[in-house]
Amino acid sequence: MNGLFDISGKTVVMTGATGVLGSCISRYLAQEGAIMVVIGRNCERGEKLEEEIIQAGGTAWFIQCDVLDRPSLEQCRDEIIKRLGRINVLINAAGGNMQGATIPTDKTFFDMSMDDFKKVVDLNLVGTVLPTQVFAEDMAKHKSGAIVNFSSESALRPLTRVVGYTSAKAAVQQFTRYMAVEMATKFGDSIRVNAIAPGFFLTEQNRTLLTDSDGSLTARGKAIIAHTPFGRFGTPDELCGTIHYLISDASRFVSGTVAVVDGAFDSFCL
């Protein structure tokens, strides 16, 4: 064993950890020896996730925190450093969409709610920038660390209807590239910033867009599967290996990249 993928003992802070994708990734990383600090707004889900990880033999600590609330984030950071010493990894997985920022099939862009558009941009973009500004300060102090932001397939190929989400995730990718340069040039080559762009995975946010109440595919779901060479949606565990790679020494010369996990959707053309 050369230790390239060894993440045991690393303190991993993950926002949005209580969602479908985040909880799966949190469990996996804990199994691999990471000390998981799972952050979310839902106490019931967070405490349940913490308990599940501990019962499986891992180490986890749930902290209720709002990624759009700087004082809350700073308090969270200070508690982590006091208890665990430092922050090795930040995974910015908080995000989501809102109905008002999604264009229904019988409406147009001009019917979109600007209030909901701003909320979606705040959640996905500001909800990535602000935690990075707070938690990565410890990485800058120690001149080492890894950050993984959650982008999306919609940042690569603008999708119909989800205008707010698409705009925000595209901005997350540019922020990732900016921060890769910022951290390397000002704090050394041991701080890396990358992003992961999941394709189509069934989550709480997109389930009603992709499937009907009986579990069958909507017209949109069928179109997506038809354009996915793998012929199916992804499963949450299929993101774990890429995340593991990006936070481990196996990717120590990788920064400013976007790792696409989409069953070849982005490569498909007629």
Side-chain angles (χ1 to χ4, degrees), residues 7 10-26 28-29 34 36-40 65-68 70 73 76-77 87-97 120-140 144-157 162 164-184 187 190-199 201 203 205 234 236 239-248 251-252 254-262 266:
I7 58 170
K10 290 185 180 290
T11 298
V12 178
V13 176
M14 185 171 190
T15 69
T18 60
V20 172
L21 304 182
S23 58
C24 178
I25 294 167
S26 295
Y28 168 80
L29 295 179
M36 291 303 303
V37 180
V38 293
I39 292 177
C65 188
D66 184 344
V67 295
L68 297 177
R70 176 181 286 275
L73 288 166
C76 179
R77 177 199 61 201
I87 297 167
N88 301 106
V89 175
L90 171 63
I91 302 175
N92 284 309
N97 201 2
V120 169
V121 171
D122 279 350
L123 177 58
N124 290 279
L125 178 57
V126 180
T128 296
V129 174
L130 192 52
T132 301
Q133 193 171 46
V134 172
F135 293 117
E137 192 172 22
D138 187 62
M139 297 180 188
S144 69
I147 300 170
V148 179
N149 298 323
F150 261 63
S151 180
S152 167
E153 185 71 51
S154 65
L156 306 172
R157 300 178 68 179
V162 289
Y165 188 77
T166 289
S167 301
K169 289 303 188 181
V172 167
Q173 290 197 176
Q174 292 304 314
F175 172 68
T176 297
R177 295 185 177 102
Y178 172 86
M179 287 301 296
V181 176
E182 173 78 4
M183 299 303 275
F187 302 103
S190 292
I191 301 179
R192 299 174 295 102
V193 187
N194 292 290
I196 186 170
F201 296 73
T203 65
Q205 287 84 10
L239 295 173
C240 294
T242 302
I243 293 286
H244 191 161
Y245 165 71
L246 290 174
I247 70 173
S248 72
S251 61
R252 64 175 178 259
V254 178
S255 196
T257 67
V258 179
V260 181
V261 186
D262 70 350
D266 190 50

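Predicted model only: the values in this text are computed from it and were never measured.
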| task | Applying side-chain contact (heavy atoms from CB on, under 4.5 Å), name anything that partners Ser144, two or more places apart in sequence or on another chain. | result | Arg86, His142, Ser190
| What pair of heavy atoms forms the shortest contact from Gly95 to Asn124, and how long is it? | CA-OD1, 3.2 Å
| Mind checking what makes ring-ring contact (aromatic ring centres under 6.0 Å, His included) contact with Tyr28, not counting sequence neighbours? | His244
| Which residues satisfy the side chain to side chain donor-acceptor pair (under 3.5 Å) test with Ser167, sequence neighbours excluded? | none
| Between Phe201 and Pro198, what is the shortest heavy-atom contact and its length? | CE1-CB, 3.7 Å
| said: Distance check, rounded to the nearest 0.5 Å: Thr203 atom OG1 versus Leu21 atom CG? | reply: 6.0 Å
| Test side chain to side chain donor-acceptor pair (under 3.5 Å) applied to Ser26 - qualifying residues, sequence neighbours left out | none
| Is the backbone N or O of Ala94 less than 3.5 Å from a side-chain atom of Thr15, with the two atoms forming a donor-acceptor pair by type? | yes
| Do you know the tightest heavy-atom contact between Thr176 and Thr257? | CG2-O, 4.2 Å
| task | Would you name the heavy atoms of Arg177 and Val258 that are closest together and state the gap between them? | result | NH2-CG2, 4.1 Å
| field | Pairing residues for Ile191 by the side-chain contact (heavy atoms from CB on, under 4.5 Å) criterion, not counting sequence neighbours | value | Met139, Met183, Phe187
| message | Less than 4.5 Å apart, side chain to side chain, heavy atoms only: is that true for Leu123 and Tyr165? | response | no
| query | Can you find a pair of side-chain heavy atoms, one from Ile25 and one from Cys240, that are under 4.5 Å apart? | reply | yes
| Counterpart residues, side-chain contact (heavy atoms from CB on, under 4.5 Å), relative to Thr132 (two or more places apart) | Leu90, Asn92, Thr128, Ala136, Ile147, Asn149, Phe175, Met179
| said: If the condition is side chain to side chain donor-acceptor pair (under 3.5 Å), which residues does Ser251 pass it with, not counting sequence neighbours? | reply: Arg192
| message | Nearest 0.5 Å, please: how far is CG in Leu29 from CD1 in Ile247? | response | 4.5 Å
| task | Let me see the working for Leu73 and Phe135 under side chain to side chain contact (heavy atoms under 4.5 Å, CB included), right down to the final yes or no. | result | CA-CA 8 Å; Leu73 288 166; Phe135 293 117; 3.7 Å; yes
| Who passes side-chain contact (heavy atoms from CB on, under 4.5 Å) against Asp266, sequence neighbours left out? | Glu153, Leu156, Arg157, Asp262
| said: Among residues at least two apart in sequence or on other chains, which ones pass salt bridge (charged side-chain N to carboxylate O under 4.0 Å, His left out) with Arg70? | reply: Glu74
| Short question: side chain of Asn194, backbone of Val254 - any donor-acceptor pair under 3.5 Å? | yes
| request: Please answer whether the main-chain N or O of Ile87 pairs with a side-chain N or O of Asp138 as donor and acceptor at a distance below 3.5 Å. | output: yes
| query | How close do Ser151 and Ala195 get, heavy atom to heavy atom, and via which atoms? | reply | CB-CB, 4.4 Å
| How would you list, by chain and number, every residue that makes a side chain to side chain donor-acceptor pair (under 3.5 Å) with Ser154, sequence neighbours excluded? | Ser152
| task | Applying side chain to side chain contact (heavy atoms under 4.5 Å, CB included), run through Val193 and Tyr178 and close with a yes or a no. | result | CA-CA 9 Å; Val193 187; Tyr178 172 86; over 6 Å; no
| query | Distance-only, no hydrogens or angles: does the Asn88 side chain make a donor-acceptor pair with backbone N or O of Val12 under 3.5 Å? | reply | no
| task | Compare every heavy atom of Leu68 with every heavy atom of Gly127, then report the nearest pair and how far apart it is. | result | N-CD2, 3.7 Å
